[in-house]
Amino acid sequence: MSKIIIVEDDPMISEIYERKFSAAGFEVGVAASGAEVLKKARDDKFDLVLLDMVLPDMSGLSVLKELKQSGKYNPEMKVIIFSNLDEKEDQDKAFEAGADGFIPKTRYTPSDLVKEIQRMLSEYEEEKKNEQRRGNPSSEEKEGEKKRILFIEDEEIFLEMFGEKLRTDGYEVEFARNGAWGLKEALAKNFDLIILDVIMPAMTGSELIERLKLEEKTKNIPLIVLSASVDDEELKKVQAMGISDFFVKTRIVPSDLSKKVEEILNN
């Protein structure tokens, strides 16, 4: 059972979120201020803090910095910003301060928020396993460094279907299940290629591509875009952003995607 703190100063909204997460099997603590969440996080061990940016006693950014940079709190505890302040500048500041994710309030119902947090916690667990594997590489991995792919997709079936084939063909694949988390991973680590969906939670594929192209670290990474369906206007917009290729994911088989990846990386 995951243990979380919901930081929200509106008591009615806080109660709604608390009920939804409790019903989904989470152990839930609530805090209405920055001082309260800092005390709770010191006194107990939590898996995740869902943190608003606007609080009555101190800014959410200040709380975030204290939680992630002071060294006084559980280093494995994740902090997700959940806020109405969702401009690029707000997200950049949050990630620079150590946020593990950013969820705009206006895009999620309480039920959708629970599902998104469940996806994120699964992603963090998978990332932890990846780190452990990197720390204990197999003899095959030691012989030659694998090309690294970031696969950003919110549907599990496609992650499994395409991801398994890419791994079988010798690539190291890491997953992110929403656009904001994918951006954080791309900026924090080194990847040779990124595969992404167009329609995703937290940040659309178009928004993500725009951000990746603006960042010095990621602007030259090849991008393959997958989509279940896309209209002509959206397709032209995405293609004009400098991607390497585009596929309708229901019309491409894993082996063909892997061949395209090999072609791009060996070009």
Side-chain angles (χ1 to χ4, degrees), residues 1-124 154 177-184 200-204 207 211:
M1 178 189 300
S2 296
K3 193 171 184 178
I4 69 170
I5 307 177
I6 299 170
V7 189
E8 169 62 57
D9 63 326
D10 186 313
M12 184 177 70
I13 295 175
S14 180
E15 183 179 358
I16 291 171
Y17 290 144
E18 182 181 9
R19 288 180 179 179
K20 286 290 184 180
F21 277 97
S22 295
F26 287 85
E27 185 175 346
V28 185
V30 295
S33 68
E36 187 177 1
V37 67
L38 292 176
K39 183 179 186 305
K40 286 179 180 285
R42 275 196 307 269
D43 294 344
D44 203 349
K45 187 174 182 179
F46 290 87
D47 298 298
L48 184 143
V49 176
L50 191 60
L51 177 65
D52 196 355
M53 289 281 272
V54 180
L55 297 170
D57 59 338
M58 58 194 298
S59 72
L61 197 62
S62 296
V63 175
L64 172 63
K65 289 179 179 178
E66 176 68 15
L67 290 171
K68 300 298 273 187
Q69 299 178 13
S70 69
K72 300 176 183 178
Y73 301 88
N74 174 17
E76 295 186 358
M77 181 176 65
K78 305 300 182 182
V79 181
I80 305 296
I81 300 300
F82 182 55
S83 177
N84 287 318
L85 303 177
D86 61 351
E87 298 297 325
K88 176 183 181 296
E89 183 180 356
D90 300 314
Q91 295 188 24
D92 287 345
K93 287 180 179 178
F95 285 129
E96 287 170 6
D100 295 289
F102 195 108
I103 301 177
K105 273 189 177 180
T106 55
R107 301 188 190 182
Y108 287 82
T109 66
S111 296
D112 289 338
L113 176 63
V114 171
K115 292 177 183 177
E116 182 64 10
I117 293 300
Q118 288 171 328
R119 279 196 294 266
M120 284 184 158
L121 286 170
S122 295
E123 177 73 14
Y124 300 143
D154 64 316
R177 289 175 173 79
N178 67 67
W181 179 248
L183 177 63
K184 181 177 183 295
M200 295 180 291
M203 182 182 291
T204 67
E207 292 171 333
R211 293 292 303 278

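These numbers were taken from a predicted model, which means no experiment stands behind them.
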| Between Leu67 and Ala41, which heavy-atom pair has the shortest distance, and what is it? | CD2-CB, 3.9 Å

| remark: Taken to the nearest 0.5 Å, the spacing of Lys115 NZ from Lys20 NZ works out to 9.5 Å

| note | d(Lys105 NZ, Asp52 CG) to nearest 0.5 Å is 3.5 Å

| task | Kindly compute the distance separating CG (Leu61) from NZ (Lys93), expressed to the nearest 0.5 Å. | result | 7.0 Å

| request: Applying side chain to side chain contact (heavy atoms under 4.5 Å, CB included), run through Phe26 and Ile117 and close with a yes or a no. | output: CA-CA 10 Å; Phe26 287 85; Ile117 293 300; 4.2 Å; yes

| task | Any chance you could lay out the side chain to side chain contact (heavy atoms under 4.5 Å, CB included) test for Lys184 and Asp100, step after step, and finish with the verdict? | result | CA-CA 8 Å; Lys184 181 177 183 295; Asp100 295 289; 4.0 Å; yes

| said: Minimum heavy-atom separation for Asp43 and Lys39, please, with both atom names. | reply: OD2-NZ, 2.8 Å

| query | Is any NZ, NE, NH1 or NH2 atom of the basic residue among Asp92 and Arg211 found under 4.0 Å from an Asp or Glu carboxylate oxygen of the other? | reply | yes

| request: Mark yes or no for whether Ser14, through its side chain, and Asp10, through its backbone, hold a donor-acceptor pair below 3.5 Å. | output: no

| query | Atom CE in Met77, atom NZ in Lys45: separation rounded to 0.5 Å? | reply | 11.0 Å

| task | Step by step, work out the ring pair (Phe, Tyr, Trp, His ring centres under 6.0 Å) result for Phe82 and Tyr17. | result | CA-CA 12 Å; Phe82 182 55; Tyr17 290 144; 5.5 Å; yes

| side-chain hydrogen bond (donor to acceptor under 3.5 Å, both in side chains) pairs, two or more places apart, involving residues 21-31 | none

| request: Might you work through the side chain to side chain contact (heavy atoms under 4.5 Å, CB included) test for Leu50 and Ile4, ending with a clear yes or no? | output: CA-CA 7 Å; Leu50 191 60; Ile4 69 170; 5.6 Å; no

| Is the shortest heavy-atom distance from the side chain of Arg119 to the side chain of Asn178 under 4.5 Å? | no

| Considering all heavy atoms of both residues, which atom of Leu51 and which atom of Gly60 are nearest to each other, and what is their separation? | CD2-O, 3.5 Å

| message | Pair Leu38, Glu66 - check side chain to side chain contact (heavy atoms under 4.5 Å, CB included), show working. | response | CA-CA 8 Å; Leu38 292 176; Glu66 176 68 15; 3.6 Å; yes

| message | Using side-chain heavy atoms (C-beta onward) and a distance below 4.5 Å, is Ile81 in contact with Phe95? | response | no

| More than 12 heavy atoms of other residues, nucleotides or ligands under 6.0 Å from CZ of Arg19: is that the case? | no

| query | Distance-only, no hydrogens or angles: does the Asp57 side chain make a donor-acceptor pair with backbone N or O of Gly34 under 3.5 Å? | reply | yes

| query | Has the side chain of Asp47 got a donor or acceptor atom that lies under 3.5 Å from a matching backbone atom of Lys3? | reply | yes

| Rounded distance (nearest 0.5 Å) linking atom CD1 of Ile6 with atom CG of Leu48 | 9.5 Å

| remark: Rounded to the nearest 0.5 Å, the CD1 atom of Ile5 sits from the NZ atom of Lys40 at a distance of 7.0 Å

| request: Please name all residues satisfying side chain to side chain contact (heavy atoms under 4.5 Å, CB included) with Pro75, sequence neighbours left out, ordered by chain then number. | output: none

